[in-house]
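Report on the structure given below.
Throughout, numbering of the chain's residues begins at 1 and tracks the sequence. Note that the structure is predicted; figures quoted are calculated from it, not measured. Every number for a ligand or one of its atoms is a count from 1 in the order of the listing.
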Amino acid sequence: MVTTHNLGFPRIGAMRELKFALESYWKGESPLEELKLRGAALRRRHWQDQSNLDLVPVGDFAFYDQVLDMSFTLGHLPERVHGFHGDSLDNYFRVARGRSAKNAEDHGACCGGVAAGEMTKWFDTNYHYIVPEFSANTEFKLDPARLLEQLGEARAQGFKAKPVIIGPVTYLALGKAKDDSDKLALLPRLLPVYAELLAALAEHGVEWVQVDEPILVTELSAEWQQAYVTAYQALARGRVKLLLATYFGQLLDNLPLACKLPVQGLHLDAINARAEVDAVIEQLPQDRVLSLGVINGRNIWKTDLSSVLDWLEPVAKQLGERLWIAPSCSLLHVPVDLDSERKLDAEVRSWLAFALQKLGELKLLATALNRGRDAVKAELAVNAAAIAERRASPRVNNPAVKAALAKISPALGQRKNAYTARAGKQALLLNLPAYPTTTIGSFPQTSEIRHARNRFKNGALDEAGYKAAMQAEIERSVREQESLGLDVLVHGEAERNDMVEYFGEQLDGYAFSQFGWVQSYGSRCVKPPILFGDISRPKAMTVDWIKYAQSLTSKPMKGMLTGPVTILNWSFVRDDQPRSVSCYQLALAIREEVLDLEKAGVRVIQIDEAALREGLPLRKSEWQEYLDWAVQSFRITANGVEDETQIHTHMCYSEFNDIIASIAGMDADVITIETSRSDMELLDAFDNFNYPNEIGPGVYDIHSPNIPTQEHIVQLIKKAAERIPARRLWVNPDCGLKTRQWEEVIPALTNMVAAARMLRASA
Ligand code: GLN
Ligand code: ZN
């Protein structure tokens, strides 16, 4: 008999109940007790949702983040929250977000406020965790209360529970040594606490513990590999059985290591590492459980059950009781329930599976393995029909798009002349001063904008009324920019709810869910659009808005687009073709928009690639391949224009020291980047690399409500001018201003423009 289990369940709730409970508590609108009760209710519901499984995960629920939960379990809190008293959940929120609820902050008076913990992306997902902060003095002290409490709940409700924890080596790897000390030196201090935790779980009757060690799918140095041996030899002495869980990729050179560690079971991501299943079966000692992640935990497509069974049946025969099956990784990364999607196009919907549907598929596979395919004949037939329909659907396959893709040649991504030749022509046409000033695209999303959009959505406002309201906002931002004295203007993006959704909604090949929320961090969720078919652009998407904005001013107005790589990286994408193919399709569609803007007389076009860096594979050895098609996609989008048209691009969070050559390869005339927070540290990349085109290192940190002073901006630009010739520098904020208030934006941009003028005067 094959055993079924799950690595983790989305905690936010099908209707984002956790989000609303958290935000209500933080705002001081409901007491802590209520938040705790709502958390317990969600856990209970989620276990019930998983009651078909042989083992349910416990400890995967977190009020903010599972890594932060682990830090608390290990008694590893940053020093700055040590003085606080009150409930430990309040301290937890302080670390997560700098403060807890309004009411709890009464303690602020006695113990002061704190800096929020640093947040970073969880592997190559869009989930962000709170980074553990280490120093040479870090100590650990077990606090198993949370885990034991949840374990008690699950068992009281009759579930067979498998606690989930983050393994010691991954925990260290995910943290940051604030004093640059050696994190691995902490291992001897950490392991006894893990051993104690496992002992406590054993005492409470736990048989299996899932120990997540996903860094095993990344490149590890010999020391880190050795740390695995040390760690698991120490933990092997306990009484519970350990299921070592790896996911998100292949083990490659860590495969022999993962197979020989003294644990009782190994979980392998059989979606990404299907090719390694045979090698693992061969190398894994005969007394071990092998858990195979056979359902994709990262996307929203139905599984082709028959084809999984084709390869899984012989494996099941060979492994017998030793085989477990599960989703490839925690279901944290997918929405909860497809059944809530009443408005989704029925055909597209029939191709999809969210978390609950994925667990249903898992159960079907188990039944087929345990009792033969005939036992689930009807269900398999329905599944096969959906898979076949999707494969053959004319909505997925557009021969014209495929033909255009086949015709792509390197020349398509090539500007007519090199930057040096273009720059002169653009300067003549645009007639800009030295240190030209601009912004990144969006202006504050005011309550008027949101109000008009909501009324338009629910039918209270007709299309003409909505258009007029947005035009009024555009006019307002043009007037403000003119009186600020900016040199290259933007229309302000009032009409865009989201920089990806806005384009997805207008492209063929995209669908949108209503409740397809996925946790991004804390209470924040994103609802990625679903790229299901060949991409085409039925008609121009932005031209009218930009033309209208340009008609209001004699200053150059930037056309504003989202680039193909960013649209791809922020969507659920197809599993029936490589990401690169979807990206090239997007590139061709956005290229048409670029050419239409140029035709409409737009002289400066910005193509945002905010998320280019996010798409980098987990292993450095695979970076170049990704960068090659990502950069080529951008080039196809951007580079069909005449020399006179100035192409801008923008990137956020671009620690791009290690990818600077690829960035230069995009050949944008101007790139604007985030640097203000790092005090121009980012520009270190320019020490060894001669960036050939123009660049606007962000001088105003738009993520903070603080107003940058003129002196500070001058100083930052002077610092940049040490690395990059002044004639190639632009002056701009470091991202869009959407999340700010006009009251903040106006003084900040006033100082920015004044700084540029001062630099010009002293040049
Ligand atoms: N043009 C977009 C804006 O200003 C860019 C946003 C981003 O980089 N995330 O909002
Ligand atoms: Zn940005």
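- Looking at His650 next to ligand 1, an N or O pair under 3.5 Å apart turns up.
- For the 3.5 Å distance criterion, the side chains of Tyr129 and Glu118 fail to qualify, holding no donor opposite an acceptor.
- Considering only heavy atoms from C-beta on, Thr439 stays 4.5 Å or farther from Asn732 through its side chain.
- Close contacts of ligand 1 with Cys735, meaning ligand atoms under 4.0 Å from a residue heavy atom, involve 7 (C), 8 (O), 9 (N).
- Centred on the Zn ion (ligand 2), the SG atom of Cys652 and the SG atom of Cys735 lie at an angle of 120°, reported to 10°.
- The aromatic ring centres of Trp26 and Phe93 sit less than 6.0 Å apart.
- Checking only distances, Trp570 never comes within under 3.5 Å of ligand 1, N or O to N or O.
- Proximity of Lys738 to ligand 1 is not established, as no heavy-atom distance is less than 4.0 Å.
- Residues Gln471 and Lys467 form a side-chain contact, since some pair of their non-hydrogen atoms from C-beta on lies under 4.5 Å apart.
- Judged purely by distance below 3.5 Å, without hydrogens or angles, the side chains of Gln632 and Tyr584 never pair a donor atom with an acceptor atom.
- Side-chain atoms of Gln445 and Arg450 form no donor-acceptor pair, as typed in the model, at a separation below 3.5 Å.
- Of all protein heavy atoms, the one closest to atom 9 (N) of ligand 1 is Cys652 SG, 3.5 Å.
- Dense packing is recorded around NZ of Lys178, with more than 12 heavy atoms of other residues, nucleotides or ligands lying under 6.0 Å away.
- Heavy-atom contacts of Ala610 reach the following atoms of ligand 1: 7 (C), 8 (O), 9 (N) (cutoff under 4.0 Å).
- Remark: minimum distance from atom 1 (N) of ligand 1 to any protein heavy atom is reached at Asp608 OD2, 2.6 Å.
- Take the N/O/S atoms of His650: the one nearest the Zn ion (ligand 2) is NE2.
- Residue-level proximity to ligand 1 for Ser442 is carried by backbone and side chain together, each with a heavy atom below 4.0 angstrom.
- With Ser523 as reference, Glu23 is the one residue of Arg16, Lys19, Glu23 to meet the side-chain hydrogen bond (donor to acceptor under 3.5 Å, both in side chains) rule.
- Here Met499 has side-chain heavy atoms under 4.0 Å from ligand 1, and that is the only part of it that gets that close.
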